[in-house]
Amino acid sequence: QVQLVESGGGSVQAGGSLRLSCAASGYTYSRYCMGWFRQAPGREREGVASIDSDGTTRYADSVKGRFTISQDNAKNILYLEMNSLKHDDTAMYYCAADKVLGHRQCVPVPGEYNYWGQGTQVTVSS
């Protein structure tokens, strides 16, 4: 069973930076899509970024140029570097994973992921 544990959230002023981490364990398959998602109070969960096993990344338009997703395959850790944070980035952030079977592009769409962490809160004050 894949387990995901996020860390690194916190409170920061607008314009600041944070780096989120997601430690993964229990992998039983060789290839996974990994992604970051967020959910603000009263809003639906939305995709932030995704990364394929070959390193291909995709981002939501709202975070392009500010956020960077990366992974350390040796340590099974997923990262999200967040810069130039805005008040609208305030949300609970989740990492997620899903097995890759055959040819598949990893996209930051919540419905395409089966394994989820518990989340880490990011609060950006304006």
Requested in this report: Evaluate the ring planes of Tyr113 and Phe37, with Trp represented by its six-membered ring, and classify them as parallel (under 30°), tilted (30 to 60°) or perpendicular (over 60°).
Outcome: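 The rings of Tyr113 and Phe37 stand perpendicular, inter-plane angle above 60°.
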Can you see which heavy atom on [X] is nearest to which on [Y], and at what distance?
X	Y	value
Ala14	Ser126	CB-CA, 4.2 Å
Met34	Ala97	SD-CB, 3.4 Å
Gly47	Ala60	O-CB, 3.4 Å
Cys95	Glu6	N-OE2, 2.9 Å

Requested in this report: Look at atom CD of Gln105 and say whether more than 12 heavy atoms of other residues, nucleotides or ligands are closer to it than 6.0 Å.
Outcome: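 No.
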Report task. Inspect the contact between Asp89 and Lys86 and indicate whether a charged nitrogen and a carboxylate oxygen are less than 4.0 angstrom apart. Result ->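 No salt bridge links Lys86 with Asp89.
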Expected output: side-chain [X] to main-chain [Y] donor-acceptor under 3.5 Å:
X	Y	value
Ser50	Gly35	no
Gln71	Ile77	no
His87	Ser125	no
Gln1	Gly26	no
Asn83	Ser17	no
Arg19	Gly8	no
Gln39	Glu44	no

Report task. Only one of Val2, Asn76, Asp52 passes side-chain contact (heavy atoms from CB on, under 4.5 Å) with Tyr32; say which it is. Result ->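 Looking at Val2, Asn76, Asp52, the match for Tyr32 under the side-chain contact (heavy atoms from CB on, under 4.5 Å) is Val2.
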Query - Criterion side-chain contact (heavy atoms from CB on, under 4.5 Å) on Arg104 and Asp98, from CA distance to verdict - result: CA-CA 11 Å; Arg104 172 186 172 182; Asp98 197 55; 2.6 Å; yes
Query raised in the report: Going only through I, L, V, M, F, W and Y residues with side-chain contacts under 4.5 Å, is there a path from Ile51 to Leu101?
Result: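 Yes, one cluster joins them.
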Query raised in the report: Should Val12 and Trp36 be regarded as members of a common hydrophobic cluster, given that ILVMFWY residues are connected when their side-chain heavy atoms come within less than 4.5 Å of each other, either directly or indirectly?
Result: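 Linked, Val12 and Trp36 end up in one cluster.
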Report task. Using the side-chain contact (heavy atoms from CB on, under 4.5 Å) rule, take Tyr79 and Asp72 through it: C-alpha gap first, then chi angles, then the decisive distance, then the call. Result -> CA-CA 8 Å; Tyr79 299 102; Asp72 183 328; 4.0 Å; yes
Would you give the length of the straight line joining atom [atom1] of [X] to atom [atom2] of [Y], rounded to the nearest 0.5 angstrom?
X	Y	atom1	atom2	result
Trp116	Cys22	CH2	SG	11.0 Å
Arg66	Met82	CZ	CE	9.5 Å
Leu78	Ile69	CG	CD1	4.5 Å
Arg43	Met92	CZ	CE	15.5 Å
Leu18	Ser11	CG	OG	8.5 Å

Requested in this report: May I ask you to check if Arg38 and Tyr94 form a cation-pi contact, with NZ or CZ under 6.0 angstrom from the six-membered ring centre and within 45° of the axis?
Outcome: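 No, Arg38 does not sit over the ring of Tyr94.
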Can you confirm whether [X] sits close enough to [Y] that some side-chain heavy atom of one is under 4.5 Å from a side-chain heavy atom of the other?
X	Y	answer
Lys99	Tyr115	yes
Val48	Pro108	no
Gln121	Thr90	yes

Requested in this report: Kindly determine whether Tyr59 and Thr68 satisfy side-chain contact (heavy atoms from CB on, under 4.5 Å), including the steps that lead there.
Outcome: CA-CA 8 Å; Tyr59 296 92; Thr68 302; 3.8 Å; yes
